Amino acid sequence: MDTQLAWLCLIFPLIGVLLTPILARISTQVMNFGAVFFSFLTAVMAVMMLPLLFSVERLPLESTFVWLHTPIQVSFGVLLDPLSIIVANVVAVISFFIMVYCVGYMKGDPGIMRFWMLMNAFIGSMLLLVLANNLIIIFIGWKLVGLCSYGLIGFYYRDEKQYWIGGPAPYKFDVPSACGVKAFIVTSVGDMLMLGGILIIYFYAGTFNVLELYQTAPEWIPTMAATPGMIILVSILLIAGPVGKSAQFPLHEWLPEAMSGPGPVSALIHAATMVKSGVFLIARFIPIFYYGYWMGGVEEAMYFFIIVAWIGAITAFLAASQGLVATELKKILAFSTVSQIGFMMLALGVAGFAQDILVKGYMAGTFHLISHAVFKACLFLCAGTVIHAAHSIYITDMGAMRKYLPYTWIFMGLATLSLIGVPPLPGFWSKEAVLMVTLESHHYALFTIAVVTVVFTAFYSTRYFAMMFHGRASVHINKETRKPHHHVGEGYFPQTFACGALAVGIVVLGLFGPMVEHSLYGLFNYKLVEGLGLSTVTHVPDFSTLLVVAFSVGGVLIGVVPAYLLYYSRTWDANAIYENSRIVRMVHTFLWNRWYINSFYNLVFVSGFMAIARAVAFRIEVLVDGLIQRILPAGVYGLSRFSVWFDQKGIDGVLDGTAHHVQNSAGGTLSRVQSGKIQEYLALAVIIALIISGLVWLI
Amino acid sequence: MLNTGFPVLSALIFFPLIAAVVLFFLRGDQMVRIFTLVVSLIECILVLPLITGFDTTTAQFQFVERHAWIEAWNIFYYLGIDGISVLMVLLTVLLLPICVLCSWSYISQRVKEFHFCLLLMTAACIGIFSALDFVLFYIFWEAMLVPMYLLIAVWGGPKRRYASLKFFLYTLAGSTLFLAAIVAFFINTGTFSIPELMEQHYTFRFQLWTFLAMSLAFAIKVPLYPFHTWLPAAHVEAPTAGSVLLASILLKMGTYGFLRFCLPITPAASEFFAPLMIVLAILSIIVGAFLALGQSDMKKLIAYSSVAHMGFVTLGIFVFAFRGVEGAIMHMVNHGIITGAMFLLVGLLYERSHSREISDNLGVSRHLPAYTGFLLLFSLAAFGFPGTNGFFSKLLVLLGVFEHSYILGILFVIGLILGLAYLLRLLLNVGWGTPSMASGWKDMNFREWLYLIPLGLLVIYLGVAPGRALNFMGASIENLLDNFEAERTIRIEPAHEPVSEPAPEPAPEILSRCVLEYESSTGQNFEITATNWAQNQLGSYQDIK
């Protein structure tokens, strides 16, 4: 029965996709209802799987049918374990609320049918990726979500000016269709490398099935370790996929541009769900490398964790610092997403550093995934409403909007507080868990980076919130409100409803935060340690929780206070500081240009590759062609000229005077060889071939 | 060898030929088109026994027809197919009605001759994939050349003379060497029968030379990197139907040749030259992708992408892994479907814009939504997106390559990423964005739907359920690779040369099989083993014993 629920989770969105064009024939209202209804059914199915978490001993459940026998056995199946049930719920439930929001947000859009189809297709593929029981199906879901993301980022594919992002004016703008391509290519780089990693694993383990890989990890990892460097290579290849999908350094540059899609798309795909698939997959891989290192005793397996942890920490810091200066609302949220995912990666990475913190790190990563999904989805939905109301994507064009959007102010305020990490909201609990486990791992450099990131997060969150809703109204807002039929105000009811529902979710999750944390710990402890009959290591905390809380809250205060003074109360003048200090200006330029990573990639990979391609196409190709085309015939022609010369000077020298016309005819005969008549070439060629083959035979 | 009562393969070859003759007595262009379409559909029905009657459990040749032809020279009319060729025959037959439909309005001059050439091409291509006699094979190989040459030279673009001549000379240069190899085989063994030649053993040096002669012909046909320059020229100038046939069928003859002749007949040389072929394949993949990325002409872009794709196929073959070869054959079929469809799509757009430049065909999605849908589908398939047919074949090749060496695998992955880049570049410019001159164009009409739908369905069918197609080839590949494995390391030195060091001990089962064959061979096979070489060889074996 329980696995049927998982199958239904995959089938309902598919029906939604297929029915949408049919329902569209009836009326737009029916189509809207139908699309949302199927995502509702999916969410219900996912929620009905939750009771399984309370009977852990029944997990994991698997249900498969064989898809391909030869040449590789690929089964198509679902796997229910705590991780997949939790992530499936996050995906399905949040998707449902976002779909509700879309009913209002996308009202009147000409491409709405395509939108619903892509959204439902996305939900289905994401659930396929989460619930799949083997790596090939995971990869298929993985590519499908990428395709939906590509379609939705480039949703406004006609590139009208109002949908451009980037800028403002002196800076470069990006058009949606190009942004979609950028996202697709950058993530695909990771995907294809990951496919390579999966295939190497298959080569050693002989199976794609996740559970079998876990069980046999202590056996095949040592075989793999027999080739030095192989495990490091596999780790890098496997991590590349999640790094691309979850927009981690060095493949993080696509996510800011992915904001050119419609608002709810950013909420659904580029904040709450798809970008989390990387974290999910790392969590899937962790047991393999953990068992490989701690049970199989393979030293190299540790590199997996080191790479993940450092990538997470670097990304968290890098993206948060870029968020400090950005002025596009959705881009700030995108940087924040990248940075928060970095936190999750950090937690999952340090989980493998010691035997006793595995469960703690695993739990911290997953918990942060859940809480971040809820509050970031809410933030993006509110941002969509605000951008719609303000008719501008820049926070500098907003200001004092609290009186126009009172509800959105409350919802977004709650979500922002959660992002900052104010107790007792979920962001606080999960961030505290991440910091705790980082400290427990005794890697103080990672811990320091994490705390600095907390400071940055608090700063930019306060900054955008204050600039949007408080302070003085900007020129742009004043102009908008003076228009006779301005709609600087709340959006349609479904929009407000969805934001409100998510805000309630934030509060509830926050109030029950410690409980959730505790039960997650129990679940993963059972699944990762006890369930497999491994020796349980009791975890003795080296540091008190209070210390971490002090760091966390202290970091928040250090970040919030200056931002409050600069942008809320305006006691300090941000512009004056910018104008007066050269260092601030330099830092600002550096951060504004995203550490120049984007320009560097553009230079090397876009301009560089196109330059190589053009050079190959128009220089080397011409050269190769010319070599064969010019030099070979020239050689033949030269030979024939030589023969003619030999005829005239050599033979004729001997036979001088006797054969004036013989000379003519001999030269004529050889020049007739190049008559351009194919049949003669053929005859000649056959003769030559026979001679050559005869020679070959003789040799 | 399995035999059936009704000569299916002969029917498949001769039916288009007879129809081509009948064609000359018809009047009216429309009549010719309808007649050829009907003929092609009947041909599609004729091929059904191949699908239903094909025995997937055996590696032997099936539907075998063998009749004496020129007995003095031991030449037979000898046809048959196995798992390696059956899918290619099916693909050839499938493409004929599509080619007729896509030239329905595009070809308005010399209609009769055009369809004559199409029918001739089909007959010759089926002949190539089913011939089991070297002479017969060579005749078909050359026969295919003439109609293709005419398709380019008569109905081609502005530079058609140059392109057609280039195509002809390149192919001919290769096939002459191939002929030399055939003659060498005949001198050595006294037979032209391919199955018999496969069972012979040749000296290592002989294998090296014949391998080089044959593989050059095939490398030009594939085409592998430095021999590829005829391809873009021919593709760009050829009419749509010509491009489709060229990309879908003709290129496959090269890789088919590797599988049918190089691996089974000259295993030791294949093993020896494998690194070279792998390097050429990798070059084709990477440089071909770069070449495609740098093009502004849509047809050239797809032509160069074919170079890259055929590089994948060659790589899959020369890693000598079961999955690699399986993926390679599957990718031959898939590439035929996908690239054929891509050329159809370009041709479709060309009929509207009369330009193949990307810059003249920007942003067509607003006016041609269905067209853009198909472009997206086939581009994704060409990239190897999961759920389309390109995914499984590339996955299998990749598996095979990773078994061989992971550095090659990584290079392959880089090629895949570059492949995505040029396809997305095409899609980004042609599909999305602001239209340049697409206003007033009509979306696809019924006829265009009609010929793209079967290809689209195949793309999805083979992507979701590749199992049935893979079944066709499993046994044959296993047999091919088993034989290859047994013989790849045996380097027989010529018997008359002084043996300076002790000759490597041949695998006992090979030796015994050789002796058994020698002893049991009666009748037709007798003269093969009666040649000097075989006796010397056996003599030296007995000496070793």
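Each chain gets a letter, A, B and so on, in the order the sequences are listed, and its residues count up from 1. These figures come from a predicted structure and were not determined experimentally.
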Quiz item: Can you name the ring pair (Phe, Tyr, Trp, His ring centres under 6.0 Å) partners of Y138(B), sequence neighbours left out?
Solution: none
Taking the side chain as every heavy atom from C-beta outward, state whether [X] and [Y] have any pair of such atoms under 4.5 Å apart.
| X | Y | result |
| --- | --- | --- |
| V189(A) | L420(B) | no |
| F383(B) | M192(A) | yes |
| V413(B) | L195(A) | no |
| I620(A) | F290(B) | no |

Proximal component of [X], with respect to chain B [non-hydrogen, under 4.5 Å]:
| X | answer |
| --- | --- |
| I691(A) | neither |
| V175(A) | neither |
| L237(A) | side chain |
| F184(A) | both |
| L233(A) | side chain |
| F618(A) | side chain |

Quiz item: Is the centre of the Y406(B) ring less than 6.0 Å from the centre of the F203(A) ring?
Solution: no
Largest heavy-atom contact set with chain A, pairs under 4.5 Å, which of [options]:
| options | answer |
| --- | --- |
| F402(B), F391(B), F385(B) | F385(B) |
| F206(B), F178(B), Y304(B) | Y304(B) |
| E142(B), K300(B), K166(B) | K166(B) |

Quiz item: For F186(B), is it the side chain, the backbone, both or neither that has a heavy atom under 4.5 Å from a heavy atom of chain A?
Solution: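 For F186(B), there is no contact with chain A at all, as no heavy atom is under 4.5 Å.
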Quiz item: Closest approach of A613(A) and G294(B), non-hydrogen atoms and distance?
Solution: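 Here A613(A) and G294(B) meet closest at CB-N, 3.6 Å.
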Quiz item: Excluding sequence neighbours, so at least two apart, what forms side-chain hydrogen bond (donor to acceptor under 3.5 Å, both in side chains) with S149(A)?
Solution: H270(A)
